[in-house]
Amino acid sequence: MSILQGSDLECVRGDRRLFKDINFSLEAGELIQVHGPNGSGKTSLLRMLCGLAIPAHGKICWHGTDIRSLKGDYYGAITYLGHLSGVKDDLTAIENLRISSALAGVEIDAKKAHDALQHMGLGGRELLPVKVLSQGQRRRVALARLLVCRTVLWILDEPLAALDSAAVKLVQNLLEQHLVQGGMVVMTTHQEIDIAAGATHRLQLA
Amino acid sequence: MSILQGSDLECVRGDRRLFKDINFSLEAGELIQVHGPNGSGKTSLLRMLCGLAIPAHGKICWHGTDIRSLKGDYYGAITYLGHLSGVKDDLTAIENLRISSALAGVEIDAKKAHDALQHMGLGGRELLPVKVLSQGQRRRVALARLLVCRTVLWILDEPLAALDSAAVKLVQNLLEQHLVQGGMVVMTTHQEIDIAAGATHRLQLA
Amino acid sequence: MLPVQPIGCNSLNMSLWVIQRDLLLAMRRRADVLTTLFFFIIVVSLFPLGVGPEINMLRTMAPGVVWVAALLASMLSLGRMFSSDYLDGTLEQMLLSPQSLSMLVLGKALAHWLVTGVPLVLMSPVLGLQYDLSTEALLVLTASLLLGTPVLSLIGAIGAALTLGLRGGGVLVSLLVLPLYIPVLIFGAGAVEASAAGLGAGAHLSLLGAFLLVSLVLAPWAAAVSLRISME
Amino acid sequence: MLPVQPIGCNSLNMSLWVIQRDLLLAMRRRADVLTTLFFFIIVVSLFPLGVGPEINMLRTMAPGVVWVAALLASMLSLGRMFSSDYLDGTLEQMLLSPQSLSMLVLGKALAHWLVTGVPLVLMSPVLGLQYDLSTEALLVLTASLLLGTPVLSLIGAIGAALTLGLRGGGVLVSLLVLPLYIPVLIFGAGAVEASAAGLGAGAHLSLLGAFLLVSLVLAPWAAAVSLRISME
Amino acid sequence: MIWASWSDFFSMGGYGFYVWGSYLVAFACIAGEIALVFNRKRTLLKHLSLIHESTKEEKRNETTS
Amino acid sequence: MAINWFNYSSPASFYFLAGKMIPPFTIAATILFAVGLYIGFFVAPTDFQQGEAYRIIFIHVPAAWMSMFLYVMMAIWAGIGLAFNTRLSSMMATAIAPTGAMFTFLALWTGALWGKPMWGAWWVWDARLTSELILLFLYIGFMSLQAAIDDPRRADKAGAVIALVGVVNIPIIYFSVKWWNTLHQGASVSITQSPKMATTMLTGMLIMSIACWMYAIAVILMRTRTIILERERHTAWVGELQGATK
Ligand code: HEM
Ligand SMILES: Nc1ncnc2c1ncn2[C@@H]1O[C@H](COP(=O)(O)OP(=O)(O)OP(=O)(O)O)[C@@H](O)[C@H]1O
Ligand SMILES: Nc1ncnc2c1ncn2[C@@H]1O[C@H](COP(=O)(O)OP(=O)(O)OP(=O)(O)O)[C@@H](O)[C@H]1O
Ligand SMILES: [Mg+2]
Ligand SMILES: [Mg+2]
């Protein structure tokens, strides 16, 4: 039995069936990359994995139990990053990071937040309100959560959007390190990215 | 004298100087690709070119006249596409396209809008409200404006974000065709893109 | 070469496009129109609950209450005038439109009036009946609202433009706009009281008309200036 | 392996974090707090302008007007409770938080009350003076607002959660929430009237207290359920 | 001198509360405003001198390294 | 020595000029307040109608006047800043607002304290009182708007628009007594008519008014200086200033 397992998943949006009979399983240290053209249902699949949407058919199990009956226990084990960054325009980068990780169940002090942001290349910008930052910088603030969270499963929807090549490299390292430590990742991206560590599965939609 | 000319441009945001002494000139059929890491001021530069922001120093001339004194005449000649798509969630793709081009000064009928959307790969989705579309599909709706507008200068801020490879190809063709017809393009992107037609300049920030 | 000048579009046309678009958006969410109206109705109906049922007092209060409710209903929906366009980048495109921005703003203010003001005007006689107003007072009330509500939308456009993108804009806008609404309120409610007192509402109504003309000319311009400031 | 369970965080702690964060956001825009307050003041001051200056009538109206204004001020700022968190994706993250969502919602409602309710309570005696209320009536008015405004925030949270992401939510929320506010309004304004009539406000005030307890228990839970529904 | 005694002066013909209430608040407001202005300036100068120190330090570091 | 006025419109030189101007205005304000209060409390005779309560006039009327004058000044400076993009005048407007709001509050407060003994109520909904209250809201709206905007240049311009639009209220306050028949006193000082009140009262009131002017100028200049420093903190001259004070 794998740690995360999706069986026979089907997604219906409006009057359109996006996909059906999707099966996958994920072990510690593995990564699934979801591929597919625009509108093929990648985001929909990821939201199902988080329990934010309910599959029309099939089920998703975590350690063998349906995630819908796990609730809080499951939420404590995942980190989701969607198309929207979830950063507050009026707060500074540090405040955003501290609060978002507190909400995810990990309280960190300003020093630690500062270090994480520094590592994401935001040194010197930690005290600016996020609304004045550039598109890529905002995305980096959101990604900094990955540095401080201690969850095993990361669900990332296009983490590379708006990032420059230096930041892409950074995210790549982060993922590799997470996999080496026994973490798991499900992600989508339209850009090519190659992860050295761990087994990489490919899930093609449409 | 070139058609679009920026001289000695300087940009200050908050207490930070993003760039200074930026010079460029653009002739018919040419493309400028603005490069630079996240937060280096690409978006700020593009907004200056549109007249949405005012440079701290230097000026931007269109056919030799400062764009700030041209106002409407200049706006009639450019099309700007920013990080935000400018599509309304509650309207359908067709309505969005028709209205945004009417605001830009070109009234088109439903047939023409339909064709443009079809060409952007949104066939069958024209009548859905945009809010149910996927990230990439929304971006395509915004890009469809380029097919119907008749402006000479296109200013595009990361047009490729969220697009799959088929859509990237499409945009590439679109740009090439525009350049061949004597149009001009200023754009930023973190992805690699190669345009066959016309002269391509590279502007590196920071 | 591509043509530099756009064709087939002038400023008036553009206002019409904007009005049409905003109405379309309102229709897409028909609830919007209804909810402003219901807000108006509920506020007017709340007062007897808070104040007590004595009919003489209610009759004296009526014009004031209806007008205050209309003013609040109109103000509450100001937030929608520009902010959604701002958030999704449409407003940027409008600023880059080759036509006059004032005309676009005028279009948006008129659309706002059509969606929020007109239903109130149509509803007011019914609400007036609840407060036992005479037929003549009802007529004057409706006429005063008909002249006054467009002024509210026009002045409101300035406030909405100034507070664009500011957090807490929804309440800030009321702070900016309510003091400017007060003359409209005074003369609007005053018209009904004057007619009830047998003095004739003519003077009050013509003052309201003058407010309307002045704001039709100045407000779109001021709002356009404010928009450019807010978007800089 | 990384630890699956988060550490150093329980539900109560989480509410405190949320309150702290919302207060921080409010402080970042100090204007927010002030503007709700001024909205309240302005609405209360608008009525005499519409109704006329006769002091006896104003005195009778006073409790109703102050209560309706408090209700509107509280309702107006409901939009802010969840919508900005929704738009930028923070709410998604909250739903995925391992702790109880009800506690988060409770935190947000309390923060809303601290930012919008408390200033109203503190201001109300001054406004009562403008309407020439007696000292005792002023005391009762303040007490009734102190008990009633948290109920408004708590009930409002349900409405705000249900209308999340709907366009025109700002007005829709009022439609949903106002009917639920009405009992609070009736007993709140009633308390002052009763004390003015020499009947003693005790019964009314204890009813308000009961409302408060019930809504403290039920509203966060209902709002949490609504949030899950809205986000599905 | 139009006042018979100091207590006469303070009672203001029975209107003492109103008259002194006005003047006291007026001068409290004026004093408060002055205090606020000075306070604003003091905190600003403190802030500025911090910036100044740190830039000086940076310069020193540059020259030594 | 010829003064280069144009030079003084730059914030840097105005900073130093204002520094020189503040002491004389402060001294003038102190002396005039002392003289005015002396006349008000020890020279002016008791009013035969209102008794001693009328002595509130010496603070009420200057405060009411200042509240209106300062609003107009604020709107003018803000308008100049908007039209000609002169930073200094916008800073002046920003600096005037809190002082104006304070005087408006004082006019309301002292009026209320005067109203209780005279009219029997702290507050009546009379046109002049109400419009003065609206004036307070306008000041607060101006300040909240500016406080809500982070970028000072945008704050200046947005504030200017709302200040200019709000100017319509000033004639309403001033003429409200004429237009509506109200409880509040009509203008008793005007240029065309000879004054109706005792000359000592009038002198006291005028001296207090001038004192308020002097005070307002001094405190506004002080605030402007602080605002200049805040806005220009990254410029070389502020750095030098800092080096000099260290
Ligand atoms: C809260 C209550 C009050 C407010 C807001 C208020 C407001 C004002 C204002 C704005 C002015 C200046 C108008 C002008 O220069 O024409 C003024 C002047 C004056 N007020 Fe009041 N007032 C209040 C209460 C009173 C009361 C109770 C009295 C006396 C019974 C009073 C007596 C005067 C007098 C004598 C002047 C000078 C008029 C003149 O000489 O021009 N005020 N007040
Ligand atoms: N109500 C509806 N009716 C019809 N189709 C719908 C409806 N709602 C959603 N869809 C379709 O469902 C799909 C949603 O896809 P999703 O957002 O999961 O795509 P994605 O793979 O993440 O794409 P992208 O790469 O662009 O982010 C889109 O194709 C959209 O058109
Ligand atoms: N008030 C401010 N204070 C300091 N820095 C600021 C302020 N406002 C903006 N900035 C900085 O200005 C830059 C804005 O950059 P811009 O958005 O033009 O970047 P970009 O090149 O488009 O980046 P991206 O590739 O991420 O889109 C950011 O580095 C931001 O941190
Ligand atoms: Mg997607
Ligand atoms: Mg950018």
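Being a predicted model, the structure only gives us computed values, none of them experimental. Numbered from 1 within each chain, the chains take letters A, B, ... in sequence-line order. The basis for the numbers below is simple: all heavy atoms, side chains too, and nothing from hydrogens, waters or symmetry mates.
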Closest non-hydrogen atoms of A148(F) and L172(C), given as atom of the first, atom of the second and distance, are CB-CD2, 3.8 Å

Is there side-chain contact between L145(F) and L175(C), with at least one heavy-atom pair below 4.5 Å? no

Under 4.5 Å from any heavy atom of chain C - which part of L135(F): neither

Crowding at CZ, R153(F) (>12 non-hydrogen neighbours, <6.0 Å): no

In terms of heavy-atom pairs under 4.5 Å with chain C, the winner among D151(F), I162(F), L133(F) is I162(F)

So, applying side-chain contact (heavy atoms from CB on, under 4.5 Å) with I229(C), which one of D156(F), L82(F), I149(F) is it? L82(F)

Could you state the interatomic distance from OG (S144(F)) to CG (L176(C)), rounded to the nearest 0.5 Å? 7.5 Å

Which residue pairs pass the side chain to side chain donor-acceptor pair (under 3.5 Å) test with at least one member in residues 179-200 of chain C, sequence neighbours excluded? none

Got a sec: does the CH2 of W122(F) have more than 12 other heavy atoms crowding it under 6.0 Å? yes

In this structure, CZ of R154(F) is separated from CZ of R228(C) (nearest 0.5 Å) by 14.5 Å

Between L180(C) and chain F, with a heavy-atom cut-off of 4.5 Å, which part of the residue counts as in contact: side chain, backbone, both or neither? side chain

Quick one: list whatever passes salt bridge (charged side-chain N to carboxylate O under 4.0 Å, His left out) with E230(F), sequence neighbours left out. R40(E)

So for atom CH2, which belongs to W77(F), do other residues, nucleotides or ligands contribute more than 12 heavy atoms lying within a distance under 6.0 Å? no

Report the distance from atom OG of S230(C) to atom NZ of K157(F), rounding to the nearest 0.5 Å. 11.0 Å

Test applied, side-chain contact (heavy atoms from CB on, under 4.5 Å); reference residue, P179(C); option that passes from L138(F), V165(F), V168(F): L138(F)

